[in-house]
Structures are given as C-alpha cells and as structure tokens.
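Inspection log for the structure reproduced underneath, given as structure tokens.
Just so it is clear, the model here is predicted, and its values are computed rather than measured. What's counted below: heavy atoms across the whole structure, side chains too, no hydrogens, waters or symmetry copies. Residue numbering restarts at 1 for every chain, and letters A, B, ... go by the order of the sequence lines.
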Amino acid sequence: MASLIELANPTRFMRLSSRLLPWFVGAAALLLAVGFYLAFFVAPADYQQGETIRIMFVHVPAAWLALMFYSMMAVSALGTLVWRHPLADVAQKAAAPIGACFALICLITGALWGKPMWGTYWVWDARLTSVLVLFLIYLGIMALWRTLDDPSRAGRAVAILTLVGFVNVPIIKFSVDWWNTLHQPASVFRAGGPTIHPAMLWPLLILAVGFTLLALALHLVAMRAEIMRRRVRTLTIFEAERLDRLAAEVAI
Amino acid sequence: MSAFGPHAGYILTAYASVVMILGGLILMTWRDHRAQRLALDALEQRGAGRRSGKALS
C-alpha cells in the first residue's frame, strides 16, 4: 500500500513508467516472437481439431486479458471510491479500451474457431453471451467517460458502473460449470491441473505472458497520455485566466 | 494456405483480425501520447506551467 501511495504523485509515476516501458516492450517482443515460433513450428496439430488449434494461441490469452483488465478496473474503482487515489481513475480510464480490444479479439477468434469445429459462428450459450456482455460493458464505460467533462465526476460515475459490472466476471469464469454450454470447460486453470499437452501448453503460456506485458506497456503509455491530458486541461484554464487578467489590465 | 489444412481461411482470418485490432490499438495509443506531449510542451514553452510547479518528465 505504501508504494501505491508513493505512486500517487504523477511526476513520480511519469518518471518510473518511462524507465519501465522499454523493458516491458522488449520482453513482450521477445516472448511473443518465441511463443509464435513454438505455436506455429513446434506445437503439433490437435488430434481432433487439426490445425484450427492454432487459433487457441491468440483466443485464450485474449480471453484471460479481457477478464484481467476488467478485474484491474474493478480494483481501480475501489481506489477511486474508497481510497481516493489520484491515479486510480487514470488507470481505470486507460485500461478500458485495452480490455475492450482483447474482448473483441476473443469474440472474433472464438467465432472463427467455432465455425469449423461446432458448425456455427455463434450460439447464445452462457459463455459466449457473458463475454459479449463484458465487451458491451467496456463500451458503456468508455462512452460514460466521454459524457462528463470533469474527470473526477466522471471517475466516480464510471467506478460505480465498473463495480456493478464486475458481477459478470465470475459468471464468465464459471458459466461453463453452471450451465450446459457448447463451449468447452476450463483446460488450463483447473483443480486437477492442465489437460493440454505440454507441447501446446508452453507456447500458450509464453504467448499469454507476452500479450500481458504488451497490454501492460500499452496501459502505461495510455496512463501517461491521460496524466498529460489532465495537465494540459489545467494549464489551459490557468492560461485563459492569465489572458483574462491581462485583458482587464489593458482595459483599465 | 495448404500448410494449415482445409481450415486455413479461418486461421488466417483470426490472426489477421488480431493484427488489425492490436495494431490499431497500438497506433491510437501512441498517437494520443504524442499529441498530449506536444500540447503540454507548447503550453509549458508559453509559460503556462510556471504557477504550478515543475514539468512532467
């Protein structure tokens, strides 16, 4: 908690993030290169699904990141409402488009995997529908940010909506257990250990870490841009006040 | 195409969508960061930031 409070200073955050960014980008590029090499040239085709299993290497990390970014936004929402951390709503606003993009990737790649395997791009089953709802919540949050000019008022309204929407996260995770769905149950994070062969599991995990680092790097850049946007807004107001005072002095 | 079997079209379309969506996100994020940096630099050069402490790094 102490380090989080230290980061509340935007100047300190900007300095630290500028140091971290090259490491995040470099590690993401390396892991994605290794992961895609293993996914395309080392991992075998699945005995049932054939080559379509290659879609798993982008579909599954995208699904994890869509959920992870929403969970991060829910923690940030608590930071805004409970602790009034000055960077919490900045983090939340910067995370929404990234989470939305990964939710969209999950939906599109899932549909393209579903057509050859299930015979349909889409069914209204619990897993697919709840991920679509997650994507729509992301869009709603992004729209709400744009409706209010004052960042602190918008931050509180978005925080409440984010926390209400968080109820969808466990529904997505457990939908395949609670209801009879066309989507398969969990095969990596499950009580009895992963059911995927290591030749496919390792590329999947390496790509998941690579995509996570890429997403976190984008989050840092988006947070930096949001901090600067707020600074620009404040300085523009100061400058307008200064020009008003000068104009008043000239008039006298 | 044939390396991916009869479902190559689905696999390649899936990867193309990932490249387009993530490429668009990276481009948008980078352009926004650059625009804010330029706007902030212009304001600070005009002296607008003097009242409120030091510049952001």
Side-chain angles (χ1 to χ4, degrees), chain A residues 10-15 17-18 36 40 45 49-55 57-59 62 94 97-98 100-102 104-105 107-117 211 214-215 217-242, chain B:
Chain A
T11 307
R12 193 169 293 154
F13 172 82
M14 294 294 275
R15 206 168 39 236
S17 62
S18 71
F36 279 123
F40 280 101
Q49 304 191 41
E51 295 288 343
T52 60
I53 198 71
R54 313 275 175 214
I55 297 175
F57 297 116
V58 285
H59 173 77
I98 301 168
C101 281
F102 281 106
L104 182 62
I105 288 172
L107 288 167
I108 292 174
T109 56
L112 289 162
W113 194 5
K115 179 64 179 169
M117 292 301 103
F211 277 120
L214 174 66
L218 284 169
H219 190 217
L220 285 180
V221 176
M223 280 182 73
R224 289 170 60 84
E226 182 59 26
I227 289 169
M228 287 192 284
R229 187 179 351 270
R230 292 180 185 197
R231 177 91 173 147
V232 165
R233 185 174 183 269
T234 308
L235 292 186
T236 305
I237 292 168
F238 285 165
E239 194 178 37
E241 286 171 356
R242 189 169 60 90
Chain B
M1 289 282 281
S2 61
F4 293 123
H7 303 305
Y10 296 105
I11 300 165
L12 293 176
T13 309
Y15 276 87
S17 70
V18 173
V19 170
M20 276 172 55
I21 294 168
L22 281 187
L25 178 67
I26 291 167
L27 190 68
M28 266 177 46
T29 309
W30 177 74
R31 283 181 65 174
D32 184 35
H33 186 271
R34 189 165 160 269
Q36 300 310 321
R37 165 57 65 202
L38 290 174
L40 189 58
D41 286 349
L43 275 164
E44 284 175 346
Q45 270 183 359
R46 289 204 298 267
R50 272 180 217 144
R51 192 177 137 177
S52 53
K54 51 188 177 178
L56 294 169
S57 59

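Shown here for B/Arg46 and A/Arg242, the closest heavy-atom pair between the two residues is O-NH2, 3.7 Å. The two residues A/Cys101 and B/Leu25 come nearest to each other via the heavy atoms SG-CD1, 3.9 Å. A pairwise comparison of heavy atoms in A/Glu51 and B/Ile11 identifies O-CD1, 3.3 Å as the closest pair. Across every non-hydrogen atom of B/Asp32 and A/Ala225, the tightest pair is OD2-CB, 3.6 Å. Between B/Tyr10 and A/Ile55, the closest heavy-atom pair is O-CD1, 4.1 Å.
By the 4.5 Å heavy-atom criterion applied to side chains, A/Phe102 and B/Ile21 are not counted as neighbours. B/Gln36 is not listed as a side-chain neighbour of A/Arg224, based on a closest heavy-atom distance of 4.5 Å or more. Contact of the B/Glu44 side chain with the A/Arg231 side chain is registered, since non-hydrogen atoms from C-beta on lie closer than 4.5 Å.
No other option in A/Leu214, A/Val58, A/Thr52, A/Leu104 has as many heavy-atom pairs under 4.5 Å with chain B as A/Val58.
Atom CG of A/Leu220 and atom NE2 of B/His33 lie 10.0 Å apart (nearest 0.5 Å). Atom CG of residue B/Leu43 and atom OG1 of residue A/Thr234 lie 10.0 Å apart, to the nearest 0.5 angstrom. Between the CZ atom of A/Phe211 and the CG atom of B/Leu22 there is a distance of 6.0 Å, given to the nearest 0.5 Å. Between atom CE of residue A/Met228 and atom CG of residue B/Asp41 there is a gap of 8.5 Å, rounded to the nearest 0.5 Å.
The six-membered or imidazole ring of B/Tyr15 lies away from that of A/Phe57, with a centre-to-centre distance of 6.0 Å or more.
The part of A/Met117 that comes within reach of chain B is its side chain, from C-beta onward, which places non-hydrogen atoms under 4.5 angstrom from that chain. With a 4.5 Å cut-off on non-hydrogen atoms, A/Ile108 touches chain B through its side chain but not through its backbone. Heavy-atom distances place both the backbone and the side chain of A/Arg229 under 4.5 Å from chain B. Residue contact with chain B, scored on non-hydrogen atoms closer than 4.5 Å, involves the backbone and the side chain of A/Ile98 alike. Contact annotation for A/Thr236: both backbone and side-chain heavy atoms come within less than 4.5 Å of a heavy atom of chain B.
Evaluation of the salt bridge (Lys or Arg N to Asp or Glu O under 4.0 Å) rule for A/Arg230 yields A/Asp89, A/Glu226 as partners, not counting sequence neighbours.
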